[in-house]
Undergrad: 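Sharing a structure below in structure tokens format, with a few things to ask.
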2 protein chains.
Amino acid sequence: MVNRKSGVPAFRQVATDLREKIAAGQYAPGDQLPSEREMVETYGVSRPTIREAVDMLRAEGLVTSEHGRGVFVRPPASIQRIARSRLSREARGRNRGAFLADAAARGFTPSTSVKIRFEEADSRTATHLAVSEGAELTVRDRVMRADGLVVQIAVSRLPRELTRDTAIEQVDTGKGGAYARREEAGHTLGSFIEHVGARMPTPDEASLLQLADGVPVMTVTRVAYGEDGTPLEMNDMVLAADRYELSYEWPAD
Amino acid sequence: MVNRKSGVPAFRQVATDLREKIAAGQYAPGDQLPSEREMVETYGVSRPTIREAVDMLRAEGLVTSEHGRGVFVRPPASIQRIARSRLSREARGRNRGAFLADAAARGFTPSTSVKIRFEEADSRTATHLAVSEGAELTVRDRVMRADGLVVQIAVSRLPRELTRDTAIEQVDTGKGGAYARREEAGHTLGSFIEHVGARMPTPDEASLLQLADGVPVMTVTRVAYGEDGTPLEMNDMVLAADRYELSYEWPAD
DNA sequence: GAGTGGTCTAGACCACGTT
DNA sequence: ACGTGGTCTAGACCACTCC
């Protein structure tokens with residue numbers, strides 16, 4: 001029963017109560033919550049009020065509701081740890097991208113499809129690639145699937161001058177991938193910088209990545225630099241935050 | 001006006017329409033959306049339906065609503081870039097933690113408060129610190145403020161054996177901070193690993209960090225290792241995802 | 001068919017901010 | 001005083017799942 005005089009909205013009291021019971025293990029991961037109509041009786045409020053409370057927990061990623069079945073406590077997703085800062089020349093040759101290796105390790109059959117297009121640099125891209133706004137870019141859109149299911153979307157952008165008449169403008173970049181082609185062209189890689197952020201997904205991303213409510217995405221922008229410090233490539237990735245964790249390692253000195 | 005026969009729920013149609021108008025710039029950042037009662041007329045649906053649509057946009061972090069004023073398009077927050085993998089011995093001496101330096105750079109007067117406590121290792125901590133579950137830990141809770149406003153919470157955990165009878169068990173660790181004390185005790189730092197994830201905040205975190213709806217947090221767990229590879233410290237941080245971006249740099253080879 | 005969540009209505013009253 | 005969002009009700013009907 002909710003306290004009508006506390007000043008705390010009824011749906012908030014219900015949400016807090018449910019949250020505490022979940023935290024205490026009274027409703028364990030995978031358990032079904034009481035039905036909305038049951039809770040109407042328990043708490044003495046109307047169904048829309050109960051639903052507002054449940055909506056809150058859903059937005060927090062605590063529960064999921066399944067039409068016709070019930071509301072369930074979300075079991076913690078098994079998160080996949082991805083070691084970054086490991087893109088050594090050797091590793092680049094072995095793996096064809098970190099994510100393909102991941103998928104293989106988890107027993108999924110990975111597949112990717114690539115599309116090539118060209119566009120003009122916006123201000124963010126121009127900054128990262130040290131080109132002027134509007135400069136021509138080669139863009140490689142890569143969609144990665146595990147067992148047919150979209151797991152990751154990666155967009156790679158390069159200054160067009162660096163790619164004209166190279167295999168990088170082909171869908172199949174050949175043995176060793178795009179980095180190998182770039183090194184053949186005299187652009188030896190010097191370093192990488194990754195910028196990591198997080199936000200809520202757009203509806204498109206949510207359906208593509210099959211995200212439950214209350215699951216944010218991590219955005220990773222990796223910029224590859226030549227030995228002279230010239231930016232060679234910018235790679236944007238979007239990852240489901242309940243499935244991945246990124247690990248970075250570096251020496252203390 | 002919503003299409004009643006499309007099968008798409010009315011609140012979803014309204015949300016999509018508003019989202020498109022925001023994306024197109026028809027409602028620019030900072031602009032006020034039409035009032036809910038106006039939209040009731042425009043779209044020909046009831047107010048709860050309009051509210052459900054607006055709730056959706058709020059959960060996506062697209063708009064914020066202000067009681068008594070209106071609903072506004074969220075201006076993109078100015079994100080602060082934090083360069084990690086820069087904790088050189090020199091830099092550690094200069095800065096007293098990366099975040100204090102950040103706050104100073106932005107013109108805020110930073111302040112921190114520290115509490116010391118002791119606890120037993122749970123399974124996650126035990127794994128990271130390579131101790132057995134239940135082992136005694138020294139815990140330093142640090143709350144960082146900028147102009148009195150909580151900006152960050154950091155929890156540092158160390159095996160108690162390494163800290164007994166050292167200044168690390170004191171609130172004030174002295175000149176050079178906790179790392180300096182550890183190096184004096186013969187534990188020279190060898191490397192760091194940071195694990196980065198993201199999730200929706202708990203209600204506590206949301207109010208402490210003053211997060212708007214639809215803003216996730218990034219979680220950063222940094223483990224410091226000795227030169228022999230022994231884990232010395234584990235540091236958990238929680239950051240507002242609309243205020244920070246993490247940058248990691250490493251050589252290509 | 002019975003039970004579940006999903007959508008929607010037409011109101012009501014409250015709390016807040018502005019004028 | 002007025003307009004805004006915030007909360008809440010008591011229903012109704014639909015869509016889905018399971019028996």
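Residue numbering restarts at 1 for every chain, and letters A, B, ... go by the order of the sequence lines. A quick note: this is a predicted structure, and the numbers were derived from the prediction, not measured.
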Undergrad: Just jot down the side chain to side chain contact (heavy atoms under 4.5 Å, CB included) partners of B:P29, sequence neighbours excluded, or say none.
TA: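 Partners of B:P29 under the side chain to side chain contact (heavy atoms under 4.5 Å, CB included) test: B:P75, B:P76.
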Undergrad: Below 4.5 Å, heavy atoms only, C-beta onward: do A:T49 and A:M39 meet side chain to side chain?
TA: no
Undergrad: Between B:S35 and D:dG3, does any side-chain N or O lie under 4.0 Å from OP1 or OP2?
TA: no
Undergrad: Using a 4.0 Å cut-off to any heavy atom of chain B, which nucleotides of DNA chain C are the first and last in contact, reading 5' to 3'?
TA: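 The contacted stretch runs from C:dT7 to C:dT18.
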Undergrad: Apply side-chain hydrogen bond (donor to acceptor under 3.5 Å, both in side chains) to A:T64 and list each qualifying residue two or more places apart in sequence or on a separate chain.
TA: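 Not a single residue meets the side-chain hydrogen bond (donor to acceptor under 3.5 Å, both in side chains) criterion with A:T64.
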Undergrad: Of all heavy-atom pairs between A:L137 and A:A121, which one has the smallest distance, and what is that distance?
TA: CD1-CA, 3.6 Å
Undergrad: Just verifying a value: how many Å separate B:I153 CD1 and B:M237 CE, rounded to the nearest 0.5 Å?
TA: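 With rounding to 0.5 Å, CD1 (B:I153) is 12.5 Å from CE (B:M237).
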Undergrad: Between residues 55-74 of chain B and DNA chain D, which residues have a heavy-atom gap below 4.0 Å?
TA: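 Those residues whose heavy atoms fall under 4.0 Å from DNA chain D, taken from residues 55-74 of chain B in numerical order, are B:R58, B:S65, B:E66, B:H67, B:G68, B:R69, B:G70, B:V71.
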Undergrad: Residues in side chain to side chain contact (heavy atoms under 4.5 Å, CB included) with A:R47, at least two apart?
TA: A:E36, A:R37, A:V40, A:R51
Undergrad: Which residue pairs pass the salt bridge (charged side-chain N to carboxylate O under 4.0 Å, His left out) test when at least one of the two sits in residues 52-63 of chain A, sequence neighbours left out?
TA: A:R19-A:E60, A:D55-A:R58, A:R58-A:D213
Undergrad: Show the atom names and distances, to 0.1 Å, of all donor-acceptor pairs under 3.5 Å that link a side chain in residues 196-206 of chain A to residues at least two apart or in another chain.
TA:
| unit_1 | atom_1 | unit_2 | atom_2 | d |
| --- | --- | --- | --- | --- |
| A:R199 | NH1 | A:E205 | OE1 | 2.9 |
| A:R199 | NH2 | A:E205 | OE2 | 3.0 |
| A:T202 | OG1 | A:E205 | N | 3.2 |
| A:E205 | OE1 | A:T202 | N | 3.0 |

Undergrad: Can B:D141 and B:R157 be counted as an ion pair, charged N to O under 4.0 angstrom?
TA: no
Undergrad: Of all the heavy-atom pairs spanning A:E233 and A:L129, show the shortest one and how long it is.
TA: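 It is C-CD2, 3.7 Å.
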Undergrad: Closest heavy-atom contact between B:R81 and B:S247?
TA: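 Looks like CG-OG, 3.2 Å.
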Undergrad: Under the side chain to side chain contact (heavy atoms under 4.5 Å, CB included) test, which residues partner B:V114, sequence neighbours left out?
TA: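 Per chain and number, B:V114 pairs via side chain to side chain contact (heavy atoms under 4.5 Å, CB included) with B:I116, B:R140, B:R142, B:V171.
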Undergrad: For A:S132, which residues count as a side chain to side chain contact (heavy atoms under 4.5 Å, CB included) partner, sequence neighbours excluded?
TA: A:A135
Undergrad: Working note: B:N235 + B:T221, criterion side-chain contact (heavy atoms from CB on, under 4.5 Å); need CA distance, chi angles, decisive distance, verdict.
TA: CA-CA 5 Å; B:N235 202 340; B:T221 301; over 6 Å; no
Undergrad: Can you list, in residue-number order, the parts of residues 6-21 of chain B that come under 4.0 Å of DNA chain D, counting heavy atoms only?
TA: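 Those residues: none at all.
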Undergrad: Please list residues of residues 26-33 of chain A whose heavy atoms come under 4.0 Å from any atom in DNA chain C, ordered by number; otherwise none.
TA: none
Undergrad: Could you check whether any side-chain N or O of A:Q13 sits under 3.5 Å from a backbone N or O of A:V8, counting only pairs where one atom can act as donor and the other as acceptor?
TA: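 Judged by distance alone, yes, a pair lies under 3.5 Å.
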Undergrad: In residues 37-47 of chain B, which ones come under 4.0 Å of DNA chain C, going by heavy atoms?
TA: B:V45, B:S46, B:R47
